[in-house]
Enquirer: 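After the structure tokens below, expect a handful of questions from me.
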Number of protein chains: 2
Amino acid sequence: MTSEHSEPPSRAGRRPTMVDVARLAGVSLKTVSRVVNGEPHVQRAMADRVLAAVAELGFQRNHMASALRAGRASATIGLIIEELANPFYSTIAHVTAEMARDRDTLLLSASSEEDPVREEQLLRDLCSRRVDGLLVVPAGCDHSFLNSQVEMGIPVVFLDRPGTNIEADAVLLDNRGGARSGVRRLVADGHRRIGVLLDSVDVHTMRERLAGAQDALADAGIGYDGALVRSGVRDPATAAAAVADMLTQPNPPTAFLALNNRITVGAVQELWRRSSDAALVGFDDFELSHLMPRPLTVIGYDTRELARRAAQLLFARIDGDRSRPRTVVLPTELIERGLTAAAATA
Amino acid sequence: MTSEHSEPPSRAGRRPTMVDVARLAGVSLKTVSRVVNGEPHVQRAMADRVLAAVAELGFQRNHMASALRAGRASATIGLIIEELANPFYSTIAHVTAEMARDRDTLLLSASSEEDPVREEQLLRDLCSRRVDGLLVVPAGCDHSFLNSQVEMGIPVVFLDRPGTNIEADAVLLDNRGGARSGVRRLVADGHRRIGVLLDSVDVHTMRERLAGAQDALADAGIGYDGALVRSGVRDPATAAAAVADMLTQPNPPTAFLALNNRITVGAVQELWRRSSDAALVGFDDFELSHLMPRPLTVIGYDTRELARRAAQLLFARIDGDRSRPRTVVLPTELIERGLTAAAATA
DNA sequence: CTGAAAGCGCTAACAA
DNA sequence: TTGTTAGCGCTTTCAG
């Protein structure tokens with residue numbers, strides 16, 4: 001009754017190989033290879049016998065052996081991102097996986113968790129698996145170890161942040177310009193005390209965005225106030241806490257700039273909870289941003305395009321493009337959804 | 001000046017092999033293998049020479065060749081989901097990738113796009129790459145072709161929906177019970193005309209959820225009205241259109257049940273746009289649901305636990321567990337955030 | 001402790 | 001058109 005005892009007398013776990021198929025079909029190994037790979041110049045009768053044997057044995061070509069012998073790569077590309085569960089990264093993963101599939105290539109993805117050591121381990125692992133190419137949102141501060149890999153045929157394209165100590169393609173966003181236009185908007189609405197919330201200044205995008213914010217403040221002749229900048233904001237909860245804390249200080253900010261989408265979410269929550277009328281501009285748009293309890297002005301960009309361009313560059317390299325590394329910078333856009341103006345009376 | 005001309009006289013693209021390392025270090029191939037694999041019983045002096053040669057050549061073991069010869073699998077697990085960009089699936093991908101990493105295993109993920117043909121292609125591709133195991137959110141209606149793979153050592157665990165024509169582990173949600181409790185709540189609030197929006201009845205989860213909704217209606221003695229059920233709702237835009245359409249019919253629903261998170265988003269948007277006071281219960285919680293313009297009652301569950309349990313089952317199988325296939329059903333929970341009651345005067 | 005030889009499953013040359 | 005042979009890069013005997 002149970003499946004343990006009713007199995008057919010199968011070839012006890014051992015996978016059939018082309019040799020097994022050849023033996024059963026009464027042909028040579030090479031003929032099997034030809035049929036399995038769809039090469040022409042095989043007689044119908046033979047091909048049919050081979051196909052029958054393949055079906056009977058449940059044969060499936062060993063991709064590893066095939067790639068090894070043919071000296072081909074693995075029909076796989078590696079993707080290193082910060083965290084797959086984050087919508088920004090999962091969009092990137094999805095777009096690149098789709099583009100890879102058009103080339104019968106699969107996506108091996110791994111999260112660095114923003115840890116340089118782990119990133120390097122993963123990258124080395126991917127190289128030892130002989131991926132065709134690497135797409136990396138870098139967390140580390142030194143990618144020189146990838147130089148030899150690039151030389152030996154594994155191209156690398158960086159995404160969202162440039163690589164360090166390596167000349168490689170990169171597709172980036174205009175982070176600085178985006179943050180600048182966001183702050184410019186707040187300033188135009190009369191804000192002079194703008195709280196800035198960011199993850200870590202170790203992250204390239206955060207540095208750029210912070211610099212952009214400072215550009216706009218400088219443009220407006222507003223002096224820098226360290227009390228208005230909070231770094232180390234890793235998640236919505238921390239962001240909420242930071243907002244709460246800043247609002248309860250003397251001379252609190254009248255507006256906030258959240259430098260990524262996780263931070264934005266936390267800030268929205270806290271402002272809403274306190275019924276605060278402080279203005280908020282967030283970096284990164286997200287699907288439901290227009291449904292937030294307070295309409296949200298965001299600095300948006302096209303994540304799919306970011307991934308698309310990076311994948312295009314990578315595939316061009318895989319196909320032999322040896323031109324000089326390019327850096328592509330994609331524009332950002334201020335998406336105004338009202339309510340940046342507020343009681344700017346401080 | 002450009003990097004094209006200043007490169008060191010590298011070994012022109014050819015990757016160094018263990019033979020190259022052995023030659024340079026003046027030892028045998030086997031000694032290199034021993035050192036590279038950290039086997040004991042190698043003299044310090046020799047090991048050091050090997051390591052030096054490895055570093056000088058930038059040698060990195062070819063994982064494919066190693067796995068092939070050793071008869072091991074690829075230290076890879078395959079994950080088939082519907083669409084990686086969907087938060088539900090990207091959470092699953094993330095959790096499984098993390099658990100895999102604890103075993104030095106990488107995740108090969110691909111989206112079936114809900115297409116059975118494509119699903120089978122991807123599954124076959126993954127098998128031919130000799131993944132250690134397969135995690136599948138099935139879209140297809142026949143997985144019998146996987147039976148031989150399971151027999152030959154590639155275990156399969158189904159996630160969210162059971163496989164068909166195959167006896168394999170599955171980790172599911174209590175979809176029927178969840179939908180039932182959602183509708184029961186609406187009925188308790190006085191609703192008798194409840195619009196139900198679902199993707200396709202070809203999808204197992206949708207059938208179950210619809211059945212649960214009908215259970216609750218039957219429990220309440222409310223007759224079935226086909227006009228109140230809309231299937232083929234694939235995305236938020238379609239959901240919005242369906243809501244709009246149903247609300248403009250004579251005798252419109254006073255409440256809606258959205259059978260997945262994409263549909264919920266579309267419904268929220270449309271109800272909000274029209275300032276409708278129709279009640280809404282959504283299947284699947286999502287991060288920002290509590291910040292929606294109308295507090296949202298949802299049928300929630302623990303996606304991470306779903307993935308965790310599935311991965312645990314898979315790894316147990318990979319490690320040799322030959323016990324009978326299990327089906328685990330995880331509970332759902334009605335998360336009430338008010339406002340299900342509305343003008344139930346129809 | 002070290003090395004020579006065989007061979008994992010497959011494909012690229014060649015020969016028949 | 002088909003088959004034979006060699007060998008991809010590595011690990012596994014098993015002999016020194």
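We name chains A, B, ... by the order of the sequence lines, and we start the count at 1 in each one. The figures here come from the full heavy-atom set of this structure, side chains too, leaving out hydrogens, waters and symmetry mates.
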Enquirer: Write down the distance between CZ (B:Arg15) and C1' (D:dG9), rounded to a whole number of angstrom.
Expert: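 Rounded to the whole Å, the gap is 12 Å.
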
Enquirer: Between the side chains of A:Glu98 and B:Arg118, is the shortest nitrogen-to-carboxylate-oxygen separation below 4.0 Å, so that they form an ion pair?
Expert: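 Here B:Arg118 pairs with A:Glu98 in a salt bridge, since their nearest N and O are under 4.0 Å apart.
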
Enquirer: What's A:Val19 touching, base or sugar-phosphate or nothing? Going by heavy atoms closer than 4.0 Å.
Expert: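 Touches nothing.
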
Enquirer: If you apply the rule salt bridge (Lys or Arg N to Asp or Glu O under 4.0 Å), what do you find for B:Arg101 with A:Asp125, and how did you get there?
Expert: CA-CA 11 Å; B:Arg101 215 197 101 79; A:Asp125 191 353; over 6 Å; no

Enquirer: For B:Ala67 and A:Ala65, find the nucleotide of DNA chain D closest to each by heavy atoms; which residue's nucleotide sits nearer the 5' end?
Expert: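 Nearest-nucleotide comparison on DNA chain D picks A:Ala65.
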
Enquirer: Provide, to the nearest angstrom, the distance between the CE atom belonging to A:Met64 and the C1' atom belonging to D:dT11.
Expert: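 Going from A:Met64 (CE) to D:dT11 (C1'), I get 14 Å.
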
Enquirer: Think A:Ser33 has a side-chain N or O under 4.0 angstrom from the OP1 or OP2 of C:dC10?
Expert: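 No, no such contact exists.
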
Enquirer: I need the CG-P distance between B:Leu68 and C:dT11, as an integer number of Å.
Expert: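 Going from CG in B:Leu68 over to P in C:dT11 covers 12 Å.
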
Enquirer: For B:Asn62 and C:dG9, give me the distance from atom CG to atom C1', rounded to whole Å.
Expert: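 Rounded to the whole Å, the gap is 14 Å.
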
Enquirer: Between C:dA13 atom P and A:Glu39 atom CD, what is the distance in whole Å?
Expert: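 One finds 12 Å between P of C:dA13 and CD of A:Glu39, rounded.
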
Enquirer: Between the protein and nucleotides 3-6 of chain D, are there any N/O to N/O pairs under 3.5 Å, and if so, what are the atom names and distances?
Expert:
unit_1: D:dG3; atom_1: OP2; unit_2: A:Ser28; atom_2: N; d: 3.1
unit_1: D:dG3; atom_1: OP2; unit_2: A:Ser28; atom_2: OG; d: 3.1
unit_1: D:dG3; atom_1: OP2; unit_2: A:Thr31; atom_2: OG1; d: 2.5
unit_1: D:dG3; atom_1: O6; unit_2: A:Arg34; atom_2: NH2; d: 3.1

Enquirer: Please report the distance, rounded to the nearest Å, between CZ in B:Arg130 and P in D:dC10.
Expert: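 Distance check: B:Arg130 CZ to D:dC10 P gives 20 Å.
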
Enquirer: So, does B:Asn165 use its side chain to make a donor-acceptor pair with the main chain of B:His143 at under 3.5 Å?
Expert: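 Here the side-chain-to-backbone pair does not exist.
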
Enquirer: Under 3.5 Å, is there a donor on one side chain and an acceptor on the other for A:Ser66 and A:Arg72?
Expert: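 Yes - a donor-acceptor pair under 3.5 Å links their side chains.
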
Enquirer: Mind calculating the distance between CZ (A:Arg23) and P (C:dC10) to the nearest angstrom?
Expert: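 To the nearest whole Å, that distance equals 13 Å.
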
Enquirer: OG/B:Ser109 to CD1/B:Ile77 distance, rounded to the nearest 0.5 angstrom?
Expert: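 B:Ser109 atom OG to B:Ile77 atom CD1 measures 10.0 Å (nearest 0.5 Å).
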
Enquirer: Any donor-acceptor pair under 3.5 Å linking the side chain of A:Thr91 with the backbone of A:Arg304?
Expert: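 Side chain of A:Thr91 to backbone of A:Arg304: no pair is present.
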
Enquirer: Send over the distance from A:His63 NE2 to C:dT11 P, rounded to a whole Å.
Expert: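 In whole Å, C:dT11 P lies 10 Å from A:His63 NE2.
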
Enquirer: Tell me whether A:Arg317 contacts the main-chain N or O of A:Gly153 through its side chain, where contact means a donor paired with an acceptor under 3.5 Å.
Expert: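 Checking the backbone N and O of A:Gly153 against the side chain of A:Arg317, no donor-acceptor pair under 3.5 Å is found.
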
